[in-house]
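Everything quoted here is computed from the prediction, not taken from an experiment.
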Amino acid sequence: MRNGIKGIRRVSAVAVTAGAVLTAGAFTAPAQAAAPKTPTIAAQGGFVMNNGTGKTLFTKAADTRRSTGSTTKIMTARVVLAQSNLNLDSKVTVQKAYSDYIVDNNWASSAKLIVGDKVTVRQLLYGLMLPSGCDAAYALADKFGSGSTRAARVKSFIGKMNSTAKSLGMTNTHFDSFDGIGRGANYSTPRDLTKLASNAMKYSTFRTVVKTKSTTQKVTTKSGGYRNMSWTNTNALLGSYSGTLGVKTGSGPEAKYCLVFAATRGGKTVIGTVLASSSVTNRTADAKKLMDYSFKK
């Protein structure tokens with residue numbers, strides 16, 4: 001009987017020990033982090049990628065063609081910056097045609113360039129990207145297009161925009177304007193615009209400009225004096241989302257509210273686009289949601 005009792009005790013001890021091991025194992029196993037929940041955005045289209053690896057992190061109608069509004073101006077800047085022997089300090093005289101263009105187009109945002117002033121190409125890039133100046137876009141197209149007339153130069157410049165899009169593999173993109181105020185054939189997609197922005201960010205001048213929250217630039221007046229031009233960036237992410245690098249807002253009756261965005265956190269850079277969001281507030285909220293989500297992936 002004693003031997004039987006000893007046997008029962010030994011079996012019980014083994015069972016207890018095994019249970020302790022199993023219990024300890026349950027507590028020491030590494031916890032699996034829950035996958036981040038895919039966000040819902042107000043925008044009709046969206047796309048985000050890891051800018052370092054090119055990996056897709058989010059898509060929503062990413063290849064559906066839509067009006068782009070002033071996000072078009074990313075390409076305007078990209079064409080300028082790719083010019084051979086570019087002199088950013090060369091001066092351009094502001095023409096009456098540029099200010100007339102603002103008056104003639106209700107949706108044209110303005111850098112408030114003054115006829116007769118001499119502004120540098122660098123200053124025009126700030127006027128283009130911060131207040132989203134359609135007058136600055138016109139000046140750059142006139143300066144960097146080729147032809148004997150202004151109309152020919154603008155047409156040439158838009159041609160450069162489209163050839164650049166093709167070279168970058170933007171297969172669902174076409175431009176018919178230098179600023180996004182299209183004539184019915186100005187469109188792109190979230191994926192294509194993100195691809196464009198990623199390429200444009202390789203230019204140091206572009207990175208500097210689109211990250212600037214506000215700037216005051218001294219320009220030469222017609223009489224040879226000076227005036228200060230102050231511009232504030234329309235991108236609300238700057239100063240409100242840690243790590244923001246830019247890039248560009250857009251809007252219009254057809255485009256609604258658009259935003260191409262980029263940010264870096266913890267050595268990881270994400271870049272993306274939302275098209276046709278429902279308001280200025282929502283396009284910014286959409287971008288923040290997508291970046292928060294993408295940094296967790």
Side-chain angles (χ1 to χ4, degrees), residues 33-52 55-74 107 109 128-133 172 179-180 187-198 200-201 206-207 209-214 231-297:
K37 184 180 178 182
T38 304
T40 300
I41 58 174
Q44 292 177 30
F47 179 82
V48 189
M49 72 177 188
N50 182 319
N51 197 49
K55 181 183 177 183
T56 297
L57 302 173
F58 175 90
T59 63
K60 178 183 178 181
D63 299 307
T64 300
R65 296 174 177 182
R66 300 185 190 279
S67 179
T68 59
S70 286
T71 60
T72 298
K73 289 167 182 157
I74 299 171
W107 274 84
S109 44
L128 174 77
M129 300 303 283
L130 272 66
S132 198
N172 286 303
D179 59 358
Y187 58 80
S188 188
T189 67
R191 189 189 305 271
D192 276 4
L193 282 174
T194 302
K195 192 179 294 185
L196 168 61
S198 179
M201 291 290 275
F206 185 88
R207 293 195 304 273
V209 170
V210 299
K211 195 177 181 180
T212 301
K213 193 172 181 180
S214 62
W231 296 309
T232 300
N233 205 316
T234 55
N235 185 356
L237 290 172
L238 293 165
S240 73
Y241 191 86
S242 176
T244 295
L245 304 175
V247 177
K248 186 71 186 75
T249 62
S251 62
E254 188 181 354
K256 297 184 182 175
Y257 300 92
C258 313
L259 181 57
V260 180
F261 52 87
T264 295
R265 287 184 179 179
K268 179 180 180 180
T269 300
V270 298
I271 189 163
T273 301
V274 289
L275 293 183
S277 193
S278 52
S279 68
V280 170
T281 300
N282 282 339
R283 75 180 173 195
T284 303
D286 284 344
K288 287 180 177 180
K289 281 183 192 177
L290 293 182
M291 288 190 289
D292 283 346
Y293 170 74
S294 297
F295 282 124
K296 291 174 185 174
K297 287 201 77 177

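Checked by atom type and distance alone, the side chain of K289 pairs as donor or acceptor with a backbone atom of T40 at under 3.5 Å. Side chain of K73 to main chain of S132: a donor-acceptor pair is present (N/O by atom type, distance under 3.5 Å, no hydrogens or angles). A donor-acceptor contact shorter than 3.5 Å links the side chain of T194 to the backbone of P190. Side chain of K60 to backbone of I41: a donor-acceptor contact under 3.5 angstrom is found. A donor-acceptor contact shorter than 3.5 Å is absent between the side chain of T68 and the backbone of T71. N172 places no side-chain N or O within donor-acceptor distance of the main-chain N or O of T189, the cut-off being under 3.5 Å. Checking side-chain atoms of R283 against main-chain N and O of G250 turns up a donor-acceptor pair under 3.5 Å.
The distance from the CG atom of L193 to the OG atom of S198 is 12.5 Å, given to the nearest 0.5 Å. Note: R191 CZ to T59 OG1 = 7.0 Å, rounded to the nearest 0.5 Å. To the nearest 0.5 Å, atom OG1 of residue T244 and atom CG of residue N233 are 10.5 Å apart. Taken from CG in L57 to CZ in F47, the straight-line distance is 8.0 Å, to the nearest 0.5 Å. Within the model, atoms NZ of K55 and OG of S294 stand 10.5 Å from one another, a figure rounded to the nearest 0.5 Å. If you take NZ on K211 and CG on L245, they are separated by 5.5 Å, rounding to the nearest 0.5 Å.
Shortest non-hydrogen contact noted between Q44 and R66 is OE1-NH1, 2.9 Å. Across all their heavy atoms, T72 and G180 have their closest contact at OG1-CA, 3.4 Å. Across all their heavy atoms, G246 and L238 have their closest contact at N-CD2, 4.4 Å. Shortest non-hydrogen contact noted between M291 and A263 is SD-CB, 3.5 Å. Of all heavy-atom pairs between W107 and S251, the closest is CZ3-OG, 4.0 Å. Closest non-hydrogen pair, M201 versus R207, comes out as O-NH1, 2.8 Å.
No side-chain heavy atom of D286 sits under 4.5 Å from any side-chain heavy atom of L259. Within the 4.5 Å cutoff, side-chain heavy atoms of D292 are placed close to those of Y241. Between L128 and D179 there is no side-chain heavy-atom pair separated by less than 4.5 Å. Two residues are said to be in side-chain contact when any heavy atoms from C-beta on lie closer than 4.5 Å; K297 and F58 fail this criterion. Side chains of V270 and F295 form a contact here, defined as non-hydrogen atoms less than 4.5 Å apart. Side-chain contact between M49 and N51 is present, with heavy atoms from C-beta onward closer than 4.5 Å. In this structure the side chain of F206 reaches within 4.5 angstrom of the side chain of V247, judged on heavy atoms. At least one side-chain heavy atom of F261 sits under 4.5 Å from a side-chain heavy atom of L290.
Side-chain contact annotation: S214 with T232, donor-acceptor N/O pair under 3.5 Å absent.
Enclosure of atom NZ in K288 by more than 12 non-hydrogen atoms of other residues, nucleotides or ligands within 6.0 angstrom is indicated.
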*In sequence, state the C-alpha distance, the side-chain angles, and the governing distance for K268 and N50, and then conclude on side-chain contact (heavy atoms from CB on, under 4.5 Å).*
CA-CA 7 Å; K268 179 180 180 180; N50 182 319; 3.8 Å; yes
*For D192 and T273, run side-chain contact (heavy atoms from CB on, under 4.5 Å): C-alpha distance rounded to whole Å, both residues' side-chain angles, the deciding distance at 0.1 Å, then the answer.*
CA-CA 9 Å; D192 276 4; T273 301; over 6 Å; no
